[in-house]
Amino acid sequence: PERSRDREEDGTVAAEQTVSFTMLDIHRSGRVRITGFGTVPCMLFRGGREMPFPRCGTAGEEAGECRLWSGDFRAEPEDRIVLMTGGVVSSGLLTRRLSGGWGRDGGTGYCRAEIAQNPLISARELARKIVERAELNDLFAPKRDLTCAVLYLRQPRRILAVSYTH
């Protein structure tokens, strides 16, 4: 992530901020474009399996680390898009069980297992379970921000709305 420093009039550093973001653009035609900077690239699950997500480092690559990534795809019903902060991916770092952290592969495997166990799991429930697992990995003392967002692009349901006035 980019770091910017705010300087006081006397030249001292007042604060250091980390800049990172992920943007999703979902069109009604089903085309999805996702761009991120300084974040863990998202995961796309289709039919319970992770799909290769087109990604490219368009700028700012350092030591093989992609800082700016993007990709697009055509969404299908039942697709799940999973976004996690670096804190989730690095959870468990330096513990006996996960000395190198959970990693993106650990998060992917966990998502795959949860979807296989409950194919209709809601976005809210899957995100909650991912964050709770990251807390467990950190022995309930998180070292960094643990944030997860899941978008579940399910088939729209028909709703019958009825009102009655007396």
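When a residue number appears, it is its place in the shown sequence, counting from 1.
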Exercise. Are Tyr152 and Val82 connected in a single hydrophobic cluster, I mean Ile/Leu/Val/Met/Phe/Trp/Tyr linked by side-chain heavy atoms less than 4.5 Å apart?
Worked result: no
Exercise. According to the salt bridge (Lys or Arg N to Asp or Glu O under 4.0 Å) rule, which pairs have a member within residues 97-123, sequence neighbours left out?
Worked result: Glu50-Arg104, Glu114-Lys129
Problem set entry | Hydrophobic cluster membership, Val40 vs Met43, 4.5 Å side-chain cutoff | yes
Exercise. Is it true that Ile121 and Leu153 fall in one hydrophobic cluster, defined by side-chain heavy atoms closer than 4.5 Å?
Worked result: no
Problem set entry | Any Arg133 side-chain heavy atom under 4.5 Å of Cys148 side chain | no
Seminar exercise, completed: So CG of Leu126 and CG of Leu151: to nearest 0.5 Å the spacing works out to 11.0 Å
Problem set entry | Within-4.5 Å side-chain heavy-atom neighbours: Thr35 and Trp69 | no
Problem set entry | Quiz item: cation-pi between Arg80 and Phe45, 6.0 Å / 45° | no
Exercise. Do Thr39 and Thr22 have side-chain atoms, one donor and one acceptor, less than 3.5 Å apart?
Worked result: yes
For this session: Compute the ring centroids of Trp102 and Tyr110, then answer whether they are less than 6.0 Å apart.
Result: yes
For this session: Tell me, yes or no, whether the heavy-atom count around Arg154 atom CZ, taken from other residues, nucleotides or ligands under 6.0 Å, exceeds 12.
Result: no
Problem set entry | same_hphob_cluster(Val150, Val88) at 4.5 Å side-chain heavy-atom cutoff | yes
For this session: Identify whether the distance between the nearest side-chain nitrogen and carboxylate oxygen of Asp25 and Arg33 falls below 4.0 Å.
Result: no
Exercise. For the residue pair Cys111 and Met84, what are the closest heavy atoms and their distance?
Worked result: SG-CE, 4.1 Å
Problem set entry | Donor-acceptor under 3.5 Å (Asp79 side chain, Glu76 main chain) | yes
Seminar exercise, completed: When every non-hydrogen atom of Ser99 is compared with those of Leu93, the smallest separation belongs to O-CD1, 3.6 Å
Problem set entry | Nearest non-hydrogen partners of Gly92 and Asp138, listed with the distance | N-OD1, 2.7 Å
Exercise. How long is the span from the OG atom in Ser91 to the CG atom in Leu98, to the nearest 0.5 Å?
Worked result: 7.0 Å
For this session: Considering non-hydrogen atoms only, spot the tightest contact between Leu146 and Gly87 and give its length.
Result: CD2-O, 3.3 Å
For this session: Nearest 0.5 Å please: distance from the CD1 atom of Ile26 over to the CG atom of Asp72.
Result: 12.5 Å
Problem set entry | Spacing of CZ belonging to Arg96 relative to CG belonging to Leu139, to within rounding of 0.5 Å | 10.5 Å
Exercise. How far does CD1 of Ile115 sit from CG of Leu120, to the nearest 0.5 angstrom?
Worked result: 11.0 Å
Exercise. Is a side-chain donor or acceptor of Ser90 paired with a backbone partner of Gly101 at a separation under 3.5 angstrom?
Worked result: no
Exercise. Looking at Ala75 and Val32, what are the two nearest heavy atoms and their distance?
Worked result: CB-CG2, 3.8 Å
Exercise. Which atoms form the tightest heavy-atom contact between Arg74 and Ser29, and what is the distance?
Worked result: NH1-O, 2.9 Å
Exercise. Same hydrophobic cluster for Leu24 and Met51, using side-chain heavy-atom links shorter than 4.5 Å among ILVMFWY?
Worked result: yes
Problem set entry | Whether Thr85 side chain and Thr147 backbone form a donor-acceptor pair below 3.5 Å | yes
Problem set entry | Verdict with supporting geometry, Phe73 and Ile81, side-chain contact (heavy atoms from CB on, under 4.5 Å) | CA-CA 11 Å; Phe73 62 94; Ile81 302 167; 3.8 Å; yes
